[in-house]
Amino acid sequence: MNEFLLPEQIATAVNSIKNRTSKTPAVGLVLGSGLSGLADAIENADIIPYEEIEGWPTATVVGHGGKLVIGELEGKTVLTQQGRAHYYEGYPLKDIILAVRVMHALGIKTIIVTNAAGGINRGFTPGDLMLITDHINFPGLAGENPLRGPNDDAIGPRFVDLTETYDKELQQVARDAAKANGFTLQEGTYAFVGGPSFETPAELRFLHTIGADAVGMSTVPTVITARHAGMRVLGISSITNKAILNPVEGDEVSHEEVLETGKIIVPRLTALIRGVLAAI
Ligand code: HPA
């Protein structure tokens with residue numbers, strides 16, 4: 001087992017996919033917990049279960065689909081990850097970033113990443129969508145960065161600038177799409193934590209103090225890897241639960257709540273992503 005992702009591993013997965021579809025996707029779409037339903041809107045889909053792609057990590061968590069859905073949405077050819085592998089499942093970061101490396105190798109230049117997140121910002125309500133404008137990479141600050149290891153100069157630079165990680169133009173397109181659909185799009189900073197335990201109230205108060213608006217267990221390794229390759233990134237969090245900073249008797253958060261709220265958000269998320277795809 002190699003500690004870092006090798007070009008051969010990317011090429012092998014790319015070949016598995018090319019053997020199963022003749023489509024040339026232009027946009028990558030990653031669907032988060034409880035958000036798999038969005039893939040049902042994709043037309044003329046070629047569906048590839050993860051088990052059939054050599055070297056691909058399979059998602060083990062309830063609420064994640066576990067297949068690639070490649071087809072058309074709003075006239076754009078999208079490659080959709082219905083379900084993703086998470087760090088907390090035990091996968092090393094090199095497995096988690098395989099998907100985005102493969103998207104890049106397939107010629108995809110724009111990715112839309114979605115996730116379920118806890119709402120730390122006191123102005124957020126479960127059911128809200130949040131445009132990710134910046135992030136805090138907790139495992140990364142402590143050394144677990146997906147780009148750690150040998151750099152492939154053919155893909156991107158050793159030291160990646162993350163001053164403007166989330167594409168400004170795509171952010172505006174998302175704001176416009178939300179407005180056109182008549183709903184409020186919250187905005188803020190997403191904090192990536194390792195999970196799988198939810199955060200303690202003290203940890204949540206800490207995250208609040210340092211400027212996090214939402215917290216979740218995914219997305220950031222993919223985003224950093226995408227930026228390394230020069231891809232444009234749009235990130236959307238669905239706020240599935242209120243982060244409990246100051247608990248009162250009986251307060252708790254559960255994966256079931258995350259999935260239930262996620263399902264309720266799918267129609268609005270679908271409308272938003274349709275609007276974005278139509279405009280880019
Ligand atoms: N914390 C971390 N990850 C999450 C949460 C949360 O409250 N909700 C959904 N994903």
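Side chains are part of it too, since the values below use all heavy atoms of this structure and drop only hydrogens, waters and symmetry mates. Note that ligands are numbered from 1 as they come in the structure, with each ligand's atoms numbered from 1 the same way.
- No side-chain donor-acceptor contact under 3.5 Å links Glu257 and Asn241.
- Atom-to-atom distance recorded for Lys263:NZ and Ser36:OG is 10.5 Å, nearest 0.5 angstrom.
- If you look at ligand 1, the protein residues with a non-hydrogen atom under 4.0 Å away are Ala116, Ala117, Gly118, Phe198, Glu199, Val215, Gly216, Met217, Thr240, Asn241, Val258.
- Of the possible polar contacts, none joining the Tyr50 side chain to the Ala85 backbone as a donor-acceptor pair under 3.5 Å is found.
- Between Val160 and Ile224, the closest side-chain pair of non-hydrogen atoms is not below 4.5 Å.
- Contact of the Trp56 side chain with the Leu68 side chain is registered, since non-hydrogen atoms from C-beta on lie closer than 4.5 Å.
- Inter-residue side-chain proximity for Asn115 and Tyr190 is flagged as met; some heavy-atom pair is nearer than 4.5 Å.
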